[in-house]
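Counting starts at 1 for both ligands and their atoms, in listed order. Start at 1 with the first residue, then count along the sequence. Not measured: the values here are computed from a predicted model.
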Amino acid sequence: SESSPQVLSIQSHVVAGYVGNKSAVFPLNVLGFEVHSINSVEFSNHTGYGKWKGHVLNAKELAELMSGLQINDLDNFSHLLTGYVGSASFLEQVYENVKQLKEKNPKLVYVCDPVMGDNGQMYVPKELLEIYRDKLIPLADIITPNQFEVELLTGKTITNEADAIECMEMLHQMGVKVVIISSSVLGPNGTLTAFGSTKGADSTEVWKLDIPRLPHLFTGTGDLFSALLLAWLHISGGNLSLAMANSLGSLQGVLHRTSAYAEEQVKQGKPYGPKLLELRLIQSKEDIEKPPQTFKAIRL
Ligand code: ATP
Ligand code: PLP
Ligand code: MG
Ligand code: MG
């Protein structure tokens, strides 16, 4: 039988709820990917609750886990997926590991979500920007920044579609084959726009997809999105428009189910908040297996 793709996913773990590895591993498994998880934090719940307890993995602990894999020849991966990182020392260690993993498997596909902030605000230490820009991004094959993160990485403000395209080209120049802007606010009010750009041998394909914004603040959606994209880009052999449409179709399925659940619970008297808005991921297994064909990407 064919061997399954093997993903190393370095992301947060929460006991209750769905962010980080908790929102990435299940969909990857459902789509046939074996996932090897390194939990970069072990928290009771995501930080959007305002209060949480738990432990943060440090750089030395990450290096130890990687060396344990190495000495047993367990470090042969087809894909590496990284998300939120909270410290410069941890990100530097991730960089060392990316180099090692690419040495071991030169075909390793590295999907980097350079999580730094949103809506004009950075929520990680400032030093992370230059580490992403100068070290991680040049080694990444696929990146999934949001609009603000693209602006940080390129030093350019995005106010229209042409700016978005120019920024994606700058990121290609930094060595990235596939750039996906997970969300931007360039479209009409009430919509989020995703962009994707893939650099081929002699041409670049650019795609755009508008998504209706639901009136809730979800958490874990960025992590779910990068996992779905990794999966669909692999399954489709690099078909970016299909990967974007399928990933965003599944994501909307999850978010509609989550909204409907939250609204129903509120009607029954439950207090509105992050607990009701935890992604209804397991309940959405069918939307992950067979992505609803809700959206079609437009070629720019
Ligand atoms: P990251 O923080 O991981 O770098 P991000 O800020 O783009 O990325 P999200 O804001 O979670 O991450 O957006 C990822 C995707 O989730 C969007 O493309 C969109 O499809 C979906 N999404 C998130 N929030 C909403 C919402 N309120 N309504 C509709 N879709 C949403
Ligand atoms: N990891 C942890 C521990 C978090 O608290 C959060 C958000 O609160 C996330 C990851 C990121 O979630 P998202 O995918 O919405 O960016
Ligand atoms: Mg966002
Ligand atoms: Mg995120």
Side-chain angles (χ1 to χ4, degrees), residues 9-24 27 39-57 81-86 111-124 128 132 143-153 158 179-187 189-196 208-230 243-259 262 274-275 277-279 281 287 291-292 294-295 297:
S9 179
I10 306 178
Q11 300 201 67
S12 312
H13 172 79
V14 284
V15 179
Y18 297 93
V19 299
N21 272 333
K22 281 287 293 289
S23 61
N39 296 328
S40 53
V41 310
E42 172 101 23
F43 284 170
S44 51
N45 51 270
H46 73 70
T47 56
Y49 285 78
K51 292 180 209 161
W52 67 94
K53 301 284 181 189
H55 176 258
V56 179
L57 195 75
L81 175 60
T82 64
Y84 175 85
V85 170
V111 181
C112 177
D113 187 6
V115 178
M116 291 184 281
D118 211 342
N119 304 309
Q121 292 271 71
M122 254 180 115
Y123 46 60
V124 298
L128 296 207
Y132 275 117
I143 61 173
T144 58
N146 61 32
Q147 178 181 348
F148 176 60
E149 291 155 351
V150 172
E151 293 175 336
L152 289 171
L153 290 168
I158 300 177
V179 176
I180 294 131
I181 305 182
S182 57
S183 64
S184 68
V185 288
L186 302 176
N189 257 343
T191 68
L192 295 171
T193 308
F195 291 92
K208 169 180 117 159
L209 203 159
D210 283 326
I211 309 138
R213 218 186 84 80
L214 297 164
H216 299 288
L217 188 61
F218 302 104
T219 310
T221 46
D223 305 326
L224 176 54
F225 181 62
S226 56
L228 290 169
L229 270 168
L230 181 160
M244 288 175 69
N246 280 0
S247 301
L248 291 165
S250 293
L251 192 49
Q252 281 316 88
V254 172
L255 295 184
H256 274 279
R257 190 166 289 100
T258 303
S259 300
K275 187 175 170 186
L277 290 170
E278 288 287 2
L279 300 180
L281 193 62
D287 286 339
T294 322
F295 303 119

Options [options], ranked by nearest heavy atom to [atom], top entry:
atom	options	answer
atom 15 (O) of ligand 2	Gly83, Ser182, Gly220, Gly86	Gly220
atom 29 (C) of ligand 1	Pro212, Ser182, Pro145, Pro215	Pro212
atom 11 (O) of ligand 1	Thr144, Ile180, Thr221	Thr221

Please confirm whether [X] comes within less than 3.5 Å of ligand 2 when only nitrogen or oxygen atoms on both sides are compared.
X	result
Tyr84	no
Asp223	yes
Phe218	no
Thr219	no

Atoms in ligand 1 flagged as close to [X], the criterion being non-hydrogen separation under 4.0 Å:
X	answer
Glu149	4 (O)
Ile211	18 (O), 20 (O)
His216	27 (N)
Tyr123	2 (O)
Leu248	18 (O), 20 (O)

Calculate, to the nearest 0.5 Å, the distance between atoms [atom1] and [atom2] belonging to [X] and [Y] respectively.
X	Y	atom1	atom2	value
Leu228	Asp223	CG	CG	11.0 Å
Ile211	Thr193	CD1	OG1	7.0 Å
Leu192	Ile181	CG	CD1	13.0 Å
His13	Asn21	NE2	CG	8.5 Å

[Y] side chain reached by [X] side chain, heavy atoms, under 4.5 Å:
X	Y	answer
Arg257	Asp287	yes
Phe295	Pro212	yes
Val19	Leu279	no
Gln252	Leu214	yes
Tyr18	Thr219	no
Leu229	Thr144	yes
Leu153	Met116	yes
Val85	Ser40	no

query = Taking just the N, O or S atoms of Asp118, which one is nearest to the Mg ion (ligand 3)?
reply = OD2

Can you tell me which portion of [X] lies within the under-4.0 Å heavy-atom range of ligand 1? Options are side chain, backbone, both, or neither.
X	value
Leu251	side chain
Leu217	neither
Asp118	side chain
Leu224	neither

ask   = Is it the side chain (CB and beyond), the backbone, both or neither of Val19 that lies under 4.0 Å from ligand 2, heavy atoms counted?
value = side chain

Does [X] have a heavy atom less than 4.0 Å from any atom of ligand 1?
X	value
Met116	no
Phe295	no
Pro114	no

task = Give a yes or no on whether the ring-centroid distance for Tyr49 and His46 is below 6.0 angstrom.
result = yes

Contact (N/O only, under 3.5 Å) between [X] and ligand 1:
X	result
Leu192	no
Ser183	yes
Gly117	no

query = Given Phe195, which of Leu209, Val179, Ile180, Leu186 fulfils the side-chain contact (heavy atoms from CB on, under 4.5 Å) condition?
reply = Leu186

task = Could you list which atoms of ligand 2 come closer than 4.0 Å to a heavy atom of Ser12?
result = 1 (N), 2 (C), 3 (C), 10 (C)

key: Contacting atoms of ligand 2, where contact means under 4.0 angstrom from a heavy atom of His46   = 4 (C), 5 (O), 8 (O)

ask   = Taking atom types as modelled, is there a side-chain donor on Ser183 or Asn146 under 3.5 Å from an acceptor on the other?
value = no

